[in-house]
Amino acid sequence: QVQLVESGGGLVQPGDSLRLSCVASGGAFWNYAMGWFRQSQGEAREFVAAINYGGAMTTYADSVKGRFTISRSNTKKTVYLQMNSLKPEDTGVYYCAGRYHSNLATEEHRYSYWGQGTQVTVSS
């Protein structure tokens, strides 16, 4: 079982960049595929990006493709989300999620472990 803690959120202006981090503890991180999801106020949580357990495979929501990059360091037990060219519609609480499986997934219900979330606000 793994515990996840996100950090790196904040208030930025449109066009700025942020890097979110999610540190895992309590489990064999290298056995977990990881994902990032986000939830805007009043909206359902949505998929953002995912990475397989080894880091060789990634996938993104169309809304962030070309602007966001997910990566991981298994030695540091950390998954990252580099967010560039941020837009106001990227505002929300960003959650890190893990699943005890080698393959990545885009569906929320496939993830068993969740962090507490970190707020990202993009506003001028």
- So do Trp30 and Thr75 actually touch side chain to side chain, heavy atoms under 4.5 Å? no
- Considering non-hydrogen atoms only, spot the tightest contact between Leu20 and Thr118 and give its length. CD2-CG2, 4.0 Å
- Item | OH/Tyr100: more than 12 non-hydrogen atoms of other groups inside 6.0 Å | no
- Item | Shortest non-hydrogen contact between Tyr94 and Asp90, atoms and distance | OH-O, 2.6 Å
- Query: Could you go step by step and tell me if Trp114 and Arg45 meet the side chain to side chain contact (heavy atoms under 4.5 Å, CB included) rule?
  - Reply: CA-CA 12 Å; Trp114 294 83; Arg45 191 155 53 186; 3.7 Å; yes
- Query: Would you say His101 and Tyr32 make side-chain contact, with heavy atoms under 4.5 Å?
  - Reply: no
- Side-chain donor or acceptor of Ser73 paired with backbone N/O of Lys76 under 3.5 Å: yes
- Test item: side-chain donor near acceptor, Tyr111 and Arg99, under 3.5 Å: no
- Kindly check if the number of other-residue, nucleotide or ligand heavy atoms within 6.0 Å of CD (Glu107) is above 12? yes
- Any chain of hydrophobic side-chain contacts (each under 4.5 Å) joining Phe68 to Phe47? no
- For residues Val93 and Gln119, report the shortest heavy-atom separation together with the two atoms involved. CG2-OE1, 3.3 Å
- Message: Whether the side chain of Gln39 engages the backbone of Gly92 through a donor-acceptor N/O pair (distance < 3.5 Å, no angle test) should be reported.
- Response: no
- Item | Heavy-atom check, side chain of Val2 versus side chain of Lys77, under 4.5 Å | no
- Within the distance-only criterion (no hydrogens, no angle test), does the side chain of Arg72 pair as donor or acceptor with the backbone N or O of Asn52 below 3.5 angstrom? yes
- Derivation of the side chain to side chain contact (heavy atoms under 4.5 Å, CB included) call for Val12 and Val122: CA-CA 5 Å; Val12 296; Val122 185; 4.0 Å; yes
- Message: Assigning hydrophobic clusters by single linkage (Ile, Leu, Val, Met, Phe, Trp, Tyr; side-chain heavy-atom cutoff under 4.5 Å), is Val48 placed with Val120?
- Response: yes
- Can you tell me if Ser17 uses its side chain to pair, donor with acceptor, with the backbone of Gln82 under 3.5 Å? no
- Task: Ignoring hydrogens and angles, tell me if any N or O in the side chain of Glu46 forms a donor-acceptor pair with the backbone of Arg38 under 3.5 Å.
- Result: no
- Item | Euclidean distance, Tyr113 OH relative to Gln1 CD, rounded to 0.5 Å | 5.0 Å
- Item | For Tyr53 against Asn31, the heavy-atom pair lying closest together | CB-C, 4.2 Å
- Would you mind reporting whether Gln3 and Val23 have side-chain heavy atoms less than 4.5 Å apart? no
- Message: Salt bridge or not between Lys65 and Asp62? Use side-chain N to carboxylate O under 4.0 Å.
- Response: yes
- Message: Show, in sequence, the C-alpha distance, side-chain angles and deciding distance for Met34 and Cys96, and conclude whether the side chain to side chain contact (heavy atoms under 4.5 Å, CB included) test is met.
- Response: CA-CA 7 Å; Met34 301 297 296; Cys96 170; 3.5 Å; yes
- Message: So which atom in Pro14 and which in Ser124 form the shortest heavy-atom distance, rounded to 0.1 Å?
- Response: CD-N, 3.7 Å
- Query: Does Phe29 belong to the same Ile/Leu/Val/Met/Phe/Trp/Tyr cluster as Ile51, with side-chain heavy atoms less than 4.5 Å apart forming each link?
  - Reply: yes
- Query: Are Met83 and Phe37 connected in the hydrophobic side-chain network, where two residues link if heavy atoms are under 4.5 Å apart?
  - Reply: no
- Euclidean distance, Met57 CE relative to Asn103 CG, rounded to 0.5 Å: 7.0 Å
- OH (Tyr80) with more than 12 external heavy atoms under 6.0 Å: yes
- Query: If you look at every heavy atom in Val79 and Trp36, which pair is closest and at what distance?
  - Reply: O-CZ2, 3.8 Å
